[in-house]
Amino acid sequence: MGKTRQIVGPVLIWLMVAATIGALTDVPAWSAELFETVAVEPWVNIGPTLSTVTMLVLVGLYGVMLLRTLILKDHVPFVRLVFGGAATTLVYAINKLILKDTYGMIRPCHTFDTGGSCPDISNFSYPSNHTVIAFGLAMGLAFAIPWLSYLVFPVAILEAISRVLAGHHYPHDVLVGTVVGAFTVIGLLYMFINVQTAVAEKLTAARDKIRLER
C-alpha cells in the first residue's frame, strides 16, 4: 500500500499542476491589470536587481547546506538535497525546453511600455523560469531541512514578486511557475523517498565500516 501511495500521490499532484498550467494559458484580465499597476518606476528598475539577489541567496544557501551536510556526514538531508537539486534541474529543463516553447507567450514588457529592460522576444514568458527554479530549490531545502522552510519560502516569494516588478512576467506567469516548481519537485522527491533512504543508509554503513577498520 505504501508503494502505491508513493506513485498515486505524485501523479495526483502532477495532474493538479497540469490543470493549473492549462487553466491560465491566456492572459487573465486581473493579471494584466495588476501588472500595469506594479510594473512602474522605480520598481521596474529595482526588480531585476532584486531578482538576481534573491536567486543568489537561494542558490548560495543550497550550496552551503549541501556542503555542510556532506562535511557533517548528515547523510539523510545530504541525499535529499542532492535529489532535490536534480529534481529542480529536471523541472527547469522541462519548463524551458517544452512548456515555454509550447505556449509561446510573449513577455508583458513587449506589450506594455514599462521603461525598463526586456529579454528578447523569443524568450517566452509562461511559466516563469526564475520562479520555477526558486520554488524548486526552496522545496528541496525544506524537504531536506524542514526548519529552513521559514526562510526559503519567503525568499522564493520575493523572487516571484521581483519578476513582475521587473516587467518581465505577468502575475499569472509566476503563479504557475510557483506551482510547477514547488509541487513537481515535491512529487518527485516523494516518489523516490525510498531510494533516498536506501542511499543514505549505504553511506552511513560505509562510514561505520571505515571507522571500524581504523
Compare every heavy atom of [Y] with every heavy atom of [X], then report the nearest pair and how far apart it is.
X: Arg80; Y: Ile193; value: NH2-CD1, 3.9 Å
X: Leu141; Y: Leu148; value: CD2-CD1, 4.0 Å
X: Val174; Y: His169; value: CG1-CB, 4.0 Å
X: Val152; Y: Leu58; value: O-CD2, 4.0 Å

Please determine whether residues Phe143 and Phe153 belong to a single hydrophobic cluster, defined as Ile, Leu, Val, Met, Phe, Trp and Tyr linked transitively by side-chain heavy-atom distances below 4.5 Å. yes
Using side chain to side chain contact (heavy atoms under 4.5 Å, CB included) as the criterion, point out the one residue from Ser125, Ser162, Ser117 that pairs with His168. Ser117
Can you find a heavy atom in the side chain of Thr102 that is under 4.5 Å from one in the side chain of Tyr126? no
Do Gln196 and Leu189 have side-chain heavy atoms sitting under 4.5 Å apart? yes
Crowding at [atom1], [X] (>12 non-hydrogen neighbours, <6.0 Å):
X: Trp14; atom1: CH2; result: yes
X: Phe183; atom1: CZ; result: no
X: Asn123; atom1: CG; result: yes

Go through the side-chain N and O atoms of [X] and [Y] and say whether any donor and acceptor fall under 3.5 Å apart.
X: Glu159; Y: Thr131; result: no
X: Asp173; Y: Ser128; result: no
X: Ser51; Y: Arg163; result: yes

Do the ring planes of Phe35 and Phe112 sit parallel (below 30°), tilted (30 to 60°) or perpendicular (above 60°)? tilted
